[in-house]
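Below, chains carry the letters A, B, ... as their sequence lines are ordered, and counting in each starts from 1.
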Amino acid sequence: MNYTPLHPWDVTPAEAVALQQQMRQQIRIEPLTQPVQTIAGCDISFNKFEETVYAGIVVLNLADLSVVEEVGVISRATFPYVPGLLSFREAPALLEAWEKLQTAPDAVMFDGHGMAHPRRIGIAAHIGLFIDRPSFGCGKSVLVGKYDEPAPERGNWSPMRHHGEVVGAALRTKNRVNPVYVSPGHRIDLPAAIELTLACNGGYRIPEPTRRAHNLVNALRKGER
DNA sequence: GCGACAG
DNA sequence: ATCTTGTCGC
């Protein structure tokens with residue numbers, strides 16, 4: 001699938017922060033404008049201390065969570081992992097995978113955050129701008145924001161606040177299990193992101209798009225694909 | 001100055 | 001993220 005290279009990725013950490021400050025102004029948090037029939041999950045995997053990265057995207061039918069398409073690429077990561085600058089490490093490889101995609105998914109879920117980020121431009125929002133598709137983040141842990149523990153049953157959630165602003169939600173995707181952290185990225189709002197996450201239930205804490213993408217890239221890394 | 005810190 | 005065995009609980 002195509003996308004617009006809004007800026008280079010080979011920058012220094014300081015330049016990365018400056019780019020985020022500039023790019024954030026283009027982010028649009030708004031209700032979905034089209035119904036979602038297909039949703040993609042993205043993830044990357046790598047061996048510790050190695051620069052080779054395995055990136056993959058899995059597109060599912062939201063109706064039955066069946067696989068529509070999946071692509072994987074083996075690439076290299078040069079940028080280090082720095083909290084707050086995750087997109088500069090993972091986006092290049094994920095965009096290479098995006099290029100191999102034959103069809104554009106109606107929504108894209110990322111393993112990380114959207115606006116629940118110190119500068120409101122986590123990986124889901126950042127890549128969302130490049131691919132110009134409804135994008136949101138569903139992370140396994142918090143980067144920024146505080147919240148009250150949501151009720152223990154699946155479906156309950158409580159807002160995450162950062163500097164007094166609601167930036168996401170701690171959402172229970174499974175009874176009695178730690179919540180996942182959902183936040184809008186671009187061209188979507190929090191209610192829609194929460195609904196989509198719950199709609200992707202496969203019986204696990206991690207929603208199916210991300211879970212399947214994770215399995216895909218790990219298999220790729222282990223040479224099982 | 002002291003912690004916190006997506007994957 | 002990745003490295004790893006057993007183990008507690010439904």
Touch class at under 4.0 angstrom, heavy-atom based, for [X] against every strand present:
X      : result
A:G139 : sugar-phosphate
A:V142 : sugar-phosphate
A:L85  : base
A:I44  : nothing
A:G84  : base

So what stems show up for DNA chain B if we need 3 or more Watson-Crick or G-U pairs in a row, all under 3.5 Å? none

Answer yes or no: is there an ion pair linking A:K100 with A:E69, defined by an N-O contact shorter than 4.0 Å? no

For A:E70, is there an ion pair with A:R212 - N to carboxylate O distance below 4.0 angstrom? no

Whole-Å gap separating [atom2] ([N]) and [atom1] ([X]):
X      : N     : atom1 : atom2 : value
A:H162 : B:dA6 : NE2   : P     : 13 Å
A:M115 : B:dA6 : CE    : C1'   : 16 Å
A:H113 : B:dC5 : NE2   : C1'   : 11 Å
A:H126 : B:dA6 : NE2   : C1'   : 15 Å
A:I123 : C:dA1 : CD1   : C1'   : 12 Å
A:F79  : B:dG7 : CZ    : P     : 17 Å
A:Y181 : B:dA4 : OH    : C1'   : 15 Å
A:R119 : B:dC5 : CZ    : P     : 16 Å

Is it true that, when you exclude A:Q37 itself, more than 12 heavy atoms of the residues, nucleotides or ligands shown sit nearer than 6.0 Å to its CD?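 Result for CD/A:Q37: open.
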
More than 12 foreign heavy atoms under 6.0 Å from CD of A:E153: is that the case here? yes

Can you tell which of B:dA6, C:dC3, B:dG7 lies closest to the side chain of A:N47? C:dC3

Can you figure out which of C:dC3, B:dG7, B:dA6 approaches the side chain of A:L143 most closely? B:dA6

Near DNA chain C, under 4.0 Å by heavy atom, which residues of residues 212-225 of chain A? A:H214, A:N218, A:R221

Report yes or no: do A:F110 and A:W98 belong to one cluster of Ile/Leu/Val/Met/Phe/Trp/Tyr joined by side chain heavy-atom distances under 4.5 Å? yes

Co-membership, hydrophobic cluster, residues A:L101 and A:V53, 4.5 Å side-chain: yes

Report yes or no: is the cationic atom of A:R225 (NZ for Lys, CZ for Arg) under 6.0 Å from the centre of the six-membered ring of A:Y54, at an angle within 45° of the ring normal? no

Short side-chain donor-acceptor distance under 3.5 Å, A:T210 and A:D111: no

Less than 4.0 angstrom between a side-chain N/O of [X] and OP1 or OP2 of [N], yes or no?
X      : N     : value
A:Y81  : B:dA6 : yes
A:S141 : B:dG7 : yes
A:K140 : B:dA6 : no

Between A:H126 and A:W9, what is the ring plane arrangement, given parallel below 30°, perpendicular above 60°, and tilted in between?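 Correct class here is tilted.
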
Hey, can you tell me if A:F130 and A:H7 have their rings parallel, tilted or perpendicular (30° and 60° cut-offs)?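 Answer is perpendicular, since the angle exceeds 60°.
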
Taking all heavy atoms of A:A116 and all of A:M160, pick out the closest pair and write down the distance. CB-CE, 4.5 Å

Between A:A125 and A:G185, what is the shortest heavy-atom contact and its length?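 Smallest heavy-atom distance, with atoms named: CB-O, 3.3 Å.
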
For DNA chain C, which ranges pair as stems of 3 or more consecutive Watson-Crick or G-U pairs, with both donor-acceptor distances under 3.5 Å?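 None - DNA chain C has no stem of 3 or more consecutive pairs.
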
Separation of A:S141 OG from A:H113 NE2 (nearest 0.5 Å):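 If I round to the nearest 0.5 Å, the distance is 6.0 Å.
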
